Amino acid sequence: MAAELLNVVGGTRVAGRRTFEKIDPVDGSLVAHVHEAGPDVVDAAVSAARAALDGPWGRAPVAERTALLRRIADRIEERFEDFAAAEVRDTGKPEHLARDLDVARAAANFRSFADTIASAGLDSFLTDLPTGRKALNYAVPKPLGVVAVIVPWNLPLLLLTWKVAPALACGNAVVVKPSEETPSTATLLAEVIAEAGAPAGVYNVVHGFGPDSAGEYLTTHRGIDGVTFTGESGTGSAIMRAVAPSVRPVSFELGGKNAAVVFADCDLGKTLDGLARSVFLNTGQVCLCTERVYVERSVFDEVANGLAERAAALRLGRPDDPATTTGPLISQQHRKKVQSYVDLAVTEGATVLTGGSVPDLGPELAGGSWIEPTVWTGLDNSARVVREEVFGPVAALIPFDTEEEAVRLANDTDYGLAAAVWTTDLERGHRVAQQMRVGMAWVNTWYLRDLRSPFGGVGLSGIGREGGLHSMHFYTEPTNVCVQL
Ligand SMILES: NC(=O)C1=CN([C@@H]2O[C@H](COP(=O)(O)OP(=O)(O)OC[C@H]3O[C@@H](n4cnc5c(N)ncnc54)[C@H](O)[C@@H]3O)[C@@H](O)[C@H]2O)C=CC1
Ligand SMILES: O=C(O)/C=C/C=C(\O)C(=O)O
């Protein structure tokens, strides 16, 4: 039976102005009726968050906040299977992926930011004055306030907790708007955060869409003190415009058109495995996924054929089948978008090595939003499909002749999120990685995370960095105190 998901405001479940249907991308069946928050519900959620800040939560010492974060992490693990099941229902991703990536990271996010805040020091300077006296400057971090958290559907719980954990660690209250495609785990997290002992109003959930819906009502609300957002670059621009009149800070992690650079001296087997993971993980629906692969000409055919073989070997299927490697795209709408890019690649002159069609997975899955993993060659950086983010299981392979050319081609993009360099020459690995105009560059690996390191992008890929102390900087406002000694 389909679930009914309500908004969560000040610890209370609140109905919306109407409901919308959440559809299972595996087979097109109904997952839930979701209550869409109108302006009144969003307003109540912002007020509940403000009231929480004005209450004991606003004065909670660091030890109390870290203890809360650790209890939330424990509780996520106690309800691990509930979270995994909810994430799988919303996204259709394989169960093992939801467990190993999404839910495991959610607990890790809370623990990591508990550690960070527990050990964070103060910025302080002893200033020499011309008189020979000194002054002590120290910056007291204070919560930013009511933080609007807006997240997408690809890694719903992982990305939500990546923002909620540091926000709470720093003493903020949040109003979160999960994607309309993935409303379940954000709602479940409200239960867990309450069970862990957070005061009512510290974590609020409003459901709905972007324009003319909960997303816009939240970002234009004068009661919020900042917005943290992950999603498409165009949405980031719309949110910037929405917050501009009230001049609120934003932290944006946006799209990518990420490059891999494969040198002839790479370890071919490991590179192909790593490359395949970087293109196809989560059906290509990770902002970090590789969509452009630049390959040194002498190994081009070997790499192209090797990647195509690995793509063809992926097993599309039901999430509960342990053999399934690859789930559906999130929705029929998104499948249309990805399919239109594959069609465009052909129109632009690509040679499709594998994939390119909607697979026939039998009548049970016919209503799902499936697409074949796709690899093509024959296009250069002038093609639209090599410039625009597809956000699906697709990659374009392009040859290069020199290291300088590889760097130039990889950096020839309006985005700047992530890159991966594959070579056994580590000196070259460092050199090339450092020249990438991106927020994150990997060498001989991909999507290997240390949660303390800066995460974010340049250009169309975002504004600011989150992770470890970088998150603390966004989620706090310092007051500098200067005392003449
Ligand atoms: N991290 C990334 O790079 C991601 C990129 N995408 C790309 O974005 C495309 C669209 O996917 P969506 O989930 O619809 O991404 P989106 O950026 O439109 O939505 C992300 C979140 O923002 C909200 N939102 C949308 N418009 C808004 C507005 N004007 N004001 C406030 N909130 C707003 C959505 O309801 C959702 O919660 C995908 O096809 C994909 O190409 C999607 C998800 C993640
Ligand atoms: O924090 C991570 O490990 C992953 C982040 C991925 C995204 O931001 C995305 O896919 O949008």
Side-chain angles (χ1 to χ4, degrees), residues 20 34 36-37 42 90-91 101-102 104-106 108-109 112 148-163 165-166 175-183 186 205-221 224 227-243 250-258 281-289 291 329-331 333-341 369 388-392 394 415 417-418 439-440 446-451 453-457 460-462 465-468 471:
F20 61 92
V34 189
E36 182 188 4
V42 171
D90 277 358
T91 62
L101 178 61
D102 301 69
R105 243 305 280 288
N109 282 339
S112 175
V149 177
I150 303 185
V151 280
W153 41 257
N154 53 331
L155 303 170
L157 182 66
L158 185 161
L159 291 174
L160 175 68
T161 52
W162 174 243
K163 293 170 181 303
V175 179
V176 310
K177 203 213 71 66
S179 168
E180 55 275 28
E181 293 292 351
T182 50
V205 185
V206 293
H207 288 297
F209 306 83
D212 285 327
S213 186
E216 187 180 321
Y217 305 143
L218 184 57
T219 52
T220 52
H221 197 292
I224 60 164
V227 182
T228 177
F229 167 72
T230 297
E232 203 203 354
S233 301
T235 311
S237 304
I239 292 176
M240 267 185 111
R241 287 192 294 276
V243 299
V250 294
S251 177
F252 284 170
E253 201 271 281
L254 307 175
K257 188 72 187 176
N258 309 304
L281 183 76
N282 206 37
T283 321
Q285 301 169 119
V286 180
C287 62
L288 308 164
C289 276
E291 290 193 7
L329 293 168
I330 190 68
S331 62
Q333 190 190 350
H334 189 48
R335 178 169 69 176
K336 274 194 201 110
K337 174 183 160 181
V338 174
Q339 183 71 58
S340 75
Y341 273 111
S369 25
E388 297 175 15
E389 183 186 48
V390 178
F391 218 67
V394 303
Y415 291 98
L417 192 60
M440 286 84 58
W446 174 79
Y447 196 10
L448 197 165
R449 296 278 279 116
D450 183 318
L451 305 184
S453 54
F455 189 93
L460 278 186
S461 292
R465 297 289 185 276
E466 296 192 17
S471 296

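In this text the structure is predicted, and so the values were computed from the model without any measurement. Counting starts at 1 for both ligands and their atoms, following the listed order. Hydrogens, waters and symmetry mates play no part in the numbers below; they use all other heavy atoms, side chains included.
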Can an N or O of [X] be found at a distance shorter than 3.5 Å from an N or O of ligand 1?
X: Thr219; answer: no
X: Asn154; answer: no
X: Ile239; answer: no
X: Glu253; answer: no

Considering heavy atoms of the protein only, find what lies nearest to [atom] and give residue, atom and distance to 0.1 Å.
atom: atom 32 (N) of ligand 1; answer: Gly215 CA, 3.6 Å
atom: atom 20 (C) of ligand 1; answer: Phe229 CE1, 3.8 Å
atom: atom 44 (C) of ligand 1; answer: Phe391 CZ, 3.4 Å
atom: atom 1 (N) of ligand 1; answer: Cys287 CB, 3.3 Å
atom: atom 43 (C) of ligand 1; answer: Pro152 CB, 3.4 Å
atom: atom 8 (O) of ligand 2; answer: Glu253 OE1, 2.1 Å
atom: atom 11 (O) of ligand 1; answer: Trp153 NE1, 3.3 Å
atom: atom 34 (C) of ligand 1; answer: Glu180 OE1, 3.6 Å
atom: atom 41 (O) of ligand 1; answer: Lys337 NZ, 2.5 Å

Please could you name the atoms of ligand 1 that [X] approaches to less than 4.0 Å, counting only its heavy atoms?
X: His334; value: 38 (C), 39 (O)
X: Phe209; value: 35 (O)
X: Glu389; value: 3 (O), 5 (C), 7 (C), 41 (O)
X: Gly255; value: 3 (O)
X: Thr230; value: 1 (N)
X: Pro178; value: 37 (O)

Determine whether a donor-acceptor pair (N or O, by modelled atom type, separation under 3.5 Å) exists between the side chain of [X] and the backbone of [Y].
X: Lys177; Y: Gly208; value: yes
X: Lys257; Y: Glu388; value: yes
X: Glu253; Y: Gly457; value: no
X: Asn154; Y: Gln285; value: yes
X: Ser213; Y: Gly210; value: no
X: Trp446; Y: Leu288; value: yes
X: Ser461; Y: Leu254; value: no
X: Thr283; Y: Leu329; value: no
X: Ser112; Y: Ala108; value: no
X: His334; Y: Ser369; value: no

For Tyr447, take its heavy atoms, then give the atoms of ligand 2 lying under 4.0 Å from any of them.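 Close to Tyr447: 2 (C), 3 (O), 4 (C).
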
Using a 4.0 Å cut-off to any heavy atom of Asn154, which atoms of ligand 2 qualify?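 Going through ligand 2 atom by atom, the ones under 4.0 Å from Asn154 are 9 (C), 10 (O), 11 (O).
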
Just checking, is any N or O donor in the side chain of Ser251 or Lys163 under 3.5 Å from an acceptor N or O on the other one? no

Short N or O distance, [X] and ligand 2, threshold 3.5 Å exclusive:
X: Cys287; result: yes
X: Gln285; result: no
X: Thr230; result: no
X: Trp162; result: no

Determine, using heavy atoms of Ser461 and all atoms of ligand 1, whether some pair is separated by less than 4.0 Å. no

Pick from Leu218, Thr228, Val205: which one makes a side chain to side chain contact (heavy atoms under 4.5 Å, CB included) with Val176? Val205

Please report the shortest heavy-atom distance between [X] and [Y], naming the atom on each side.
X: Tyr217; Y: Asp212; result: OH-O, 3.0 Å
X: Gly392; Y: Val338; result: CA-CG2, 4.2 Å
X: Leu281; Y: Cys289; result: O-SG, 3.8 Å

I'd like the name of whichever of Val151, Leu329, Thr235 reaches closest to atom 18 (O) of ligand 1 through any heavy atom.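 Of the listed residues, Thr235 has the closest heavy atom.
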
Is the count of non-hydrogen atoms from other residues, nucleotides or ligands lying under 6.0 Å from Lys337 atom NZ greater than 12?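 For Lys337, atom NZ is crowded (more than 12 foreign heavy atoms under 6.0 Å).
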
Looking at side-chain heavy atoms only, is the closest gap between Leu160 and Pro178 below 4.5 Å? no

For ligand 1, the portion of Glu181 having any non-hydrogen atom under 4.0 Å away: neither

Heavy-atom contacts under 4.0 Å between Leu254 and ligand 1: side chain, backbone, both, or neither? backbone

Would Leu451 count as a contact of ligand 2 if the rule is a heavy atom under 4.0 Å away?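 No, Leu451 has no heavy atom closer than 4.0 Å to ligand 2.
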
Are Arg105 and ligand 2 in contact, using a heavy-atom cut-off of under 4.0 Å?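 Arg105 counts as a contact of ligand 2 under the 4.0 Å cut-off.
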
Hey, can you tell me if Trp162 and Phe455 have their rings parallel, tilted or perpendicular (30° and 60° cut-offs)?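 Rings of Trp162 and Phe455: perpendicular, over 60°.
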
For ligand 2, the portion of Val286 having any non-hydrogen atom under 4.0 Å away: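 Both backbone and side chain.
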
